[in-house]
Amino acid sequence: MNLVLLGAPGAGKGTQAQKLVADYGVAHISTGDLLRAAVKAQSELGKQAKAYMDEGKLVPDQLVIDLVKERLQADDAKKGFILDGFPRNTAQAVTLDAELESMGIKLDGALLVDVAFPVIIERLSSRRTCRSCGYTAPAGTETCPRCGGEMYQRDDDKPETIAKRLDTYKAQTAPLIEYYGGKGILIKVDGDRPVEDVYVDVKKELGL
Ligand code: AP5
C-alpha cells in the first residue's frame with residue numbers, strides 16, 4: 001500500500017493513518033510530525049520551520065521535500081507507506097511523482113478525508129496531542145492511551161492559527177484534489193462520522 005492522504009487540517013488524516021499503520025504495518029510518513037520533532041530537537045531545520053508553522057503557513061518546499069525523500073528511503077517504507085500531510089501543493093506533488101518514478105514505485109491512491117470546515121474548527125480546538133509519540137485524541141485525555149506520555153495542545157491548534165491554516169489549505173492544498181482526480185487515483189470518504197465508521201469505508205475503498 002503506497003498512499004497519499006488528503007484533507008483539511010483536522011479532517012482525521014492522522015487518525016486514519018494510525019489505524020492503517022497498526023493493522024497493515026506500513027510506514028506512517030507525517031511531515032507535520034517530522035517537522036514538530038525537528039522543532040523539539042531545535043535542529044537548524046526546526047528553527048527555520050517553526051516560524052512558518054506558528055503562522056499557519058507552509059514550510060518552504062525544499063525543506064519538506066528533502067525530509068520526505070530521506071524518509072522514503074528508510075527500510076520500513078519498503079513495505080509500503082502512508083504520506084500524511086505531503087504533498088501540500090502542486091510543486092510538492094510533481095516532485096513526489098518524479099521521486100517515486102525514479103524509485104520504481106507507484107502510488108496506489110490519494111485518499112481524501114472530507115469534512116466541512118465548521119466541524120474541523122471544533123475538532124482542532126479540542127484536540128490534544130501526545131508529546132512523546134504524536135498520538136491524537138479529543139480534550140479530556142490527559143495521558144496518551146498508546147504510550148502513557150503527556151497530552152498537550154499544539155501551538156497551531158489555537159483559534160487564530162486554525163483560521164490561517166484553513167486559508168492556506170484552501171489556497172494551496174485543495175487544488176490537489178483535482179490533480180489526483182485527473183490521474184484517476186482519487187478516493188473520497190466522508191470523514192464526518194465516527195472514527196470506526198470512517199475506517200470501515202477507508203478499508204472498503206482501498207479494497208482491504
Ligand atoms: P500537520 O501536522 O500536517 O497538520 P494538518 O494537516 O494541519 O493536519 P492535522 O494533524 O492538524 O490534522 P489531521 O487531519 O491529521 O487530523 P487528526 O487525525 O489529528 O501540519 C502542521 C504544520 O506543519 C502545517 O501547518 C505546516 O506549517 C507544516 N507542514 C506540514 N506538512 C507540510 C508540507 N508538506 N509542506 C509544508 N509545510 C508543511 O484529527 C483531528 C482531531 O479530530 C483529533 O483530536 C482526533 O481525535 C479527532 N478526530 C479525528 N477523526 C474524527 C472523527 N471521525 N470524528 C470525531 N473526531 C475525530
Side-chain angles (χ1 to χ4, degrees), residues 4-21 28-40 45-46 48-69 71 82-93 95-96 111-130 133-141 144-146 151-158 160-174 176 189-202:
V4 161
L5 285 185
L6 293 176
K13 303 180 295 295
T15 301
Q16 296 300 321
Q18 285 165 0
K19 298 186 78 61
L20 286 168
V21 168
H28 183 192
I29 305 180
S30 159
T31 43
D33 287 350
L34 292 171
L35 290 167
R36 279 184 289 281
V39 171
K40 193 174 167 190
L45 165 67
Q48 289 185 55
K50 188 174 186 319
Y52 295 94
M53 296 170 80
D54 287 348
E55 280 289 309
K57 292 181 181 161
L58 294 185
V59 171
D61 287 344
Q62 204 49 53
L63 299 180
V64 182
I65 286 167
D66 288 347
L67 264 184
V68 171
K69 280 187 179 175
R71 190 63 187 79
I82 299 174
L83 279 166
D84 171 5
F86 185 95
R88 208 69 161 225
N89 58 28
T90 309
Q92 292 183 11
T95 305
L96 176 65
L111 177 72
L112 170 65
V113 183
D114 193 31
V115 179
F117 280 11
V119 177
I120 278 175
I121 292 167
E122 175 63 35
R123 279 187 191 177
L124 288 180
S125 310
S126 70
R127 171 169 62 181
R128 298 296 179 268
T129 302
C130 175
C133 75
Y135 188 88
T136 55
T141 317
C144 175
R146 188 162 69 182
M151 303 296 281
Y152 80 112
Q153 183 173 36
R154 272 169 45 178
D155 287 344
D156 61 353
D157 280 348
K158 309 274 162 61
E160 57 284 9
T161 318
I162 292 172
K164 289 182 192 160
R165 287 162 67 198
L166 290 176
D167 287 345
T168 302
Y169 172 78
K170 273 190 280 189
Q172 300 192 51
T173 311
L176 293 182
V189 293
D190 175 4
D192 189 8
R193 291 168 308 134
V195 171
E196 289 304 329
D197 293 0
V198 178
Y199 189 50
V200 167
D201 264 16
V202 166

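Order of listing sets the numbers, starting from 1, for every ligand and every atom in it.
Of all atoms in ligand 1, listed by their number and element, those nearer than 4.0 Å to a heavy atom of G14 are 13 (P), 15 (O), 18 (O). Every atom of ligand 1 is numbered from 1 in the order shown, and the set under 4.0 Å from a heavy atom of V195 is 50 (N), 51 (C), 52 (C), 53 (N). Proximity to D156 (heavy-atom distance under 4.0 Å) selects the following atoms of ligand 1: 21 (C). Less than 4.0 angstrom separates some heavy atom of Q92 from each of these atoms of ligand 1: 33 (C), 34 (N), 35 (N), 36 (C). Set against the non-hydrogen atoms of G191, the atoms of ligand 1 under 4.0 Å away are 53 (N). Close approach of ligand 1 to T136 (heavy-atom distance below 4.0 Å) involves ligand atoms 19 (O). Against a heavy-atom cut-off of under 4.0 Å, R193 is close to the following atoms of ligand 1: 52 (C), 53 (N), 54 (N).
Backbone and side-chain nitrogen or oxygen atoms of G10 are examined, and one is located within less than 3.5 angstrom of a nitrogen or oxygen of ligand 1. Residue contacts with ligand 1: P194 is placed with no nitrogen or oxygen under 3.5 Å of a nitrogen or oxygen of the ligand (distance criterion only). Looking at ligand 1, you'll find an N or O of G85 within less than 3.5 Å of one of its N or O atoms. For ligand 1, none of its N or O atoms has an N or O atom of L58 under 3.5 Å away.
Within the 4.5 Å cutoff, no side-chain heavy atoms of N89 are placed close to those of L176. Side-chain contact check for L63 versus Q48: some heavy-atom pair is nearer than 4.5 Å. The shortest side-chain heavy-atom distance between L83 and V68 falls under the 4.5 Å cut-off. With a 4.5 Å cut-off on side-chain heavy atoms, Q172 and L58 count as touching. Using a 4.5 Å heavy-atom threshold, the side chains of H28 and D84 count as touching.
Remark: minimum distance from atom 38 (C) of ligand 1 to any protein heavy atom is reached at L35 CD1, 3.8 Å. Atom 3 (O) of ligand 1 has R88 NH1, 3.1 Å as its closest protein atom, hydrogens excluded (heavy atom only). Given atom 42 (O) of ligand 1, the protein heavy atom at minimum distance is R123 CD, 3.3 Å. Summary of contacts: the protein heavy atom closest to atom 18 (O) of ligand 1 is T15 OG1, 2.6 Å. Nearest protein heavy-atom contact of atom 31 (N) of ligand 1 is T31 OG1, 2.7 Å. Atom 9 (P) of ligand 1 has R127 NH1, 3.3 Å as its closest protein atom, hydrogens excluded (heavy atom only). Here the protein heavy atom with the shortest distance to atom 4 (O) of ligand 1 is R154 NH2, 3.3 Å. Among protein heavy atoms, atom 16 (O) of ligand 1 sits closest to G12 N, 3.3 Å.
Within the 4.0 Å heavy-atom shell around ligand 1 one does not find Q18. In this structure, A137 has a heavy atom closer than 4.0 Å to ligand 1.
One distance of note links CZ of F86 with CG of L6; it measures 12.0 Å at 0.5 Å rounding.
Contact detail for K19 and Y199: the closest heavy-atom pair is O-OH, 3.3 Å. For D192 against D190, the heavy-atom pair with the smallest separation is N-OD1, 2.9 Å. Shortest non-hydrogen contact noted between I120 and V115 is CD1-O, 3.6 Å. In terms of heavy-atom proximity, P87 sits nearest to A93 at CB-N, 3.4 Å.
A salt bridge between D157 and R165 is present, with a side-chain N of the basic residue lying under 4.0 Å from a carboxylate O of the acidic one. Taking 4.0 Å as the cut-off between side-chain N and carboxylate O, D61 and R88 do not count as a salt-bridged pair. Remark: K164 does not engage D167 in a salt bridge, criterion side-chain N to carboxylate O under 4.0 Å.
Of all the heavy atoms of A8, the ones lying under 4.0 Å from any atom of ligand 1 belong exclusively to the backbone.
With distances taken over non-hydrogen atoms, the option nearest atom 27 (O) of ligand 1 out of K57, R128, R36, Q16 is K57. When V115, V59, L124 are ranked by how near their heavy atoms come to atom 36 (C) of ligand 1, first place goes to V59.
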- Q153 and T129: CA distance, side-chain angles, deciding distance, side-chain contact (heavy atoms from CB on, under 4.5 Å) verdict: CA-CA 6 Å; Q153 183 173 36; T129 302; over 6 Å; no

